There are 2 protein chains.
Amino acid sequence: MSSAQSPKQESDTRSRILDSAWKLLAGKGAGAVRMSDIAKQTGISRQAVYLHFPSRAELLVATTRHIDQVKNVDERLAASRSARSGIERLDAYIAAWGNYIPEIHGVARALIALQDQDEDARAAWTDRMNAVRHGCAAAVAALSRDNQLSAELSEREATDLLCSLLSVESWEQLRQLCGWSQARYVELMQRTARRALLR
Amino acid sequence: MSSAQSPKQESDTRSRILDSAWKLLAGKGAGAVRMSDIAKQTGISRQAVYLHFPSRAELLVATTRHIDQVKNVDERLAASRSARSGIERLDAYIAAWGNYIPEIHGVARALIALQDQDEDARAAWTDRMNAVRHGCAAAVAALSRDNQLSAELSEREATDLLCSLLSVESWEQLRQLCGWSQARYVELMQRTARRALLR
DNA sequence: TGTTCACTTGACACTGTGTAAAGTTGACAC
DNA sequence: GTGTCAACTTTACACAGTGTCAAGTGAACA
């Protein structure tokens with residue numbers, strides 16, 4: 001997601017603020033994290049945070065992009081393209097995304113909660129969803145080339161299905177509720193996708 | 001969910017407050033709905049709302065239970081038990097729940113957003129998730145009795161799968177994002193479940 | 001007629017966001 | 001050394017929203 005980053009590199013403090021936000025959001029959840037918490041965690045004053053971000057909403061949106069960048073999501077997802085067969089590529093894509101989910105879960109929830117109030121957050125979330133959709137479309141297209149797709153499934157339907165499998169929010173909640181391990185969770189997603197897509 | 005309701009019937013005003021909350025949450029999303037909005041919508045003063053509910057969080061939690069009751073979810077879901085075959089029962093269960101999702105979506109989102117801050121909201125959400133899980137388990141058990149389940153799928157795995165299919169939050173977001181109609185969405189869920197569960 | 005209940009009005013304490021203004025500190029330029 | 005610039009600090013405040021409190025109203029009912 002968001003391969004586009006600002007040309008000049010992020011200032012040290014800005015970056016530290018984003019790291020703090022990330023850490024706190026993962027630990028306490030968006031509703032419980034205040035601007036003052038983030039400032040304290042960073043070791044600066046609350047007002048200093050506003051020197052770098054105009055609002056809480058923009059800070060949270062920036063945090064998701066920051067994590068994407070730090071964790072090299074684009075590279076991770078791109079790696080799935082080197083798989084030999086279509087099915088391996090599908091598995092690799094799901095694994096790359098599935099293993100990334102826990103890292104962004106806290107922030108993703110923040111983004112979802114913000115949607116009612118903030119236009120940017122709404123756009124950021126829709127972008128994420130669409131990025132996953134497009135990634136899925138590419139993986140499914142590779143599968144299609146291998147002719148392993150059952151005839152009655154159009155690519156679009158397959159993409160929709162995969163997309164639903166990969167949507168962040170409820171999967172991670174379910175994972176926690178059901179007590180699945182991360183590995184089991186990824187395996188479950190892969191098996192589900194295979195079952196859905198292959199005859 | 002929550003077949004248990006308080007013995008004495010809900011006061012008229014209390015019920016009207018809950019209806020207002022429901023309407024507003026569906027329209028604007030939890031983050032944008034204030035206590036004063038709910039009061040105004042109901043035609044009473046803000047303070048009067050606090051005569052019926054001790055806090056915003058408890059009001060929102062009560063709203064989910066109210067919708068469940070008004071919309072007769074328990075009955076709707078129970079109706080699926082009268083289906084003849086296991087597969088029909090599965091379809092009926094999914095349709096009952098799937099058609100209910102849009103009605104509670106706004107409130108469900110509110111509940112999710114509240115989780116970080118409020119213990120009751122957390123419990124209410126977990127209850128919902130578990131109720132769906134148990135409903136799924138029953139539907140899958142019926143399928144199992146029909147011996148239509150593929151051998152390698154344990155009931156537990158099947159339940160997990162179905163559960164993931166039925167989780168409210170991301171499905172409804174996806175439905176909107178992808179522009180699926182309600183009917184197409186339910187059909188998609190049913191087909192996905194069948195593919196996952198049957199060989 | 002008096003009491004009670006549901007509600008109203010107005011005031012206020014508290015928390016959190018965001019803004020504004022003036023002061024500090026360190027680095028770097030000359 | 002002196003000046004200056006940027007990043008940050010402290011203090012203060014405006015504003016919105018939640019939740020509380022106290023006194024008052026008005027209709028129903030005994």
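Quick caveat, the model's predicted, so the values are computed rather than measured. Chain naming here is simple, since letters A, B, ... match the order of the sequence lines and numbering starts at 1 in each.
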How many whole angstroms separate atom [atom1] of [X] from atom [atom2] of [N]?
X: B:Ile17; N: C:dA6; atom1: CD1; atom2: P; result: 12 Å
X: A:Leu51; N: D:dC5; atom1: CG; atom2: C1'; result: 15 Å
X: A:Tyr50; N: C:dA21; atom1: OH; atom2: P; result: 18 Å
X: A:Asp12; N: D:dA6; atom1: CG; atom2: P; result: 18 Å
X: B:Arg14; N: C:dC7; atom1: CZ; atom2: C1'; result: 17 Å
X: B:Gln117; N: D:dG17; atom1: CD; atom2: P; result: 16 Å
X: A:Lys40; N: D:dT9; atom1: NZ; atom2: P; result: 14 Å
X: A:Arg16; N: D:dA7; atom1: CZ; atom2: P; result: 14 Å

Can you tell me which nucleotide in [options] comes closest to the side chain of [X]?
X: B:Met35; options: C:dT9, C:dG16, D:dT18; result: D:dT18
X: A:Gln47; options: C:dG16, D:dC8, D:dT11; result: D:dT11
X: A:Arg56; options: C:dT17, D:dG19, D:dT9; result: C:dT17

Side chains of [X] and [Y] in contact at under 4.5 Å (non-hydrogen atoms):
X: B:Leu59; Y: B:Ile38; result: yes
X: A:Ile104; Y: A:Val73; result: no
X: A:Val49; Y: A:Thr42; result: no

Pairing partner (Watson-Crick or G-U wobble, both distances under 3.5 angstrom) of D:dC8: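 Base partner found: C:dG23.
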Does the side chain of [X] get closer than 4.0 angstrom to OP1 or OP2 of [N] through an N or O atom?
X: B:Ser55; N: D:dT18; result: no
X: B:Thr13; N: C:dC7; result: yes
X: B:Ser45; N: C:dC7; result: no
X: B:His52; N: C:dC7; result: yes

Donor-acceptor contact below 3.5 Å, side chain A:Tyr100 vs main chain A:Asn72: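 No, A:Tyr100 side chain to A:Asn72 backbone: no donor-acceptor pair under 3.5 Å.
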Polar side-chain contact A:Arg46-C:dG16 base: donor and acceptor under 3.5 Å: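 Not at all, since no donor on one side and acceptor on the other fall under 3.5 Å apart.
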B:Leu90 side, atom CG; B:Glu88 side, atom CD - distance, nearest 0.5 Å: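 Between atom CG of B:Leu90 and atom CD of B:Glu88 there are 11.0 Å.
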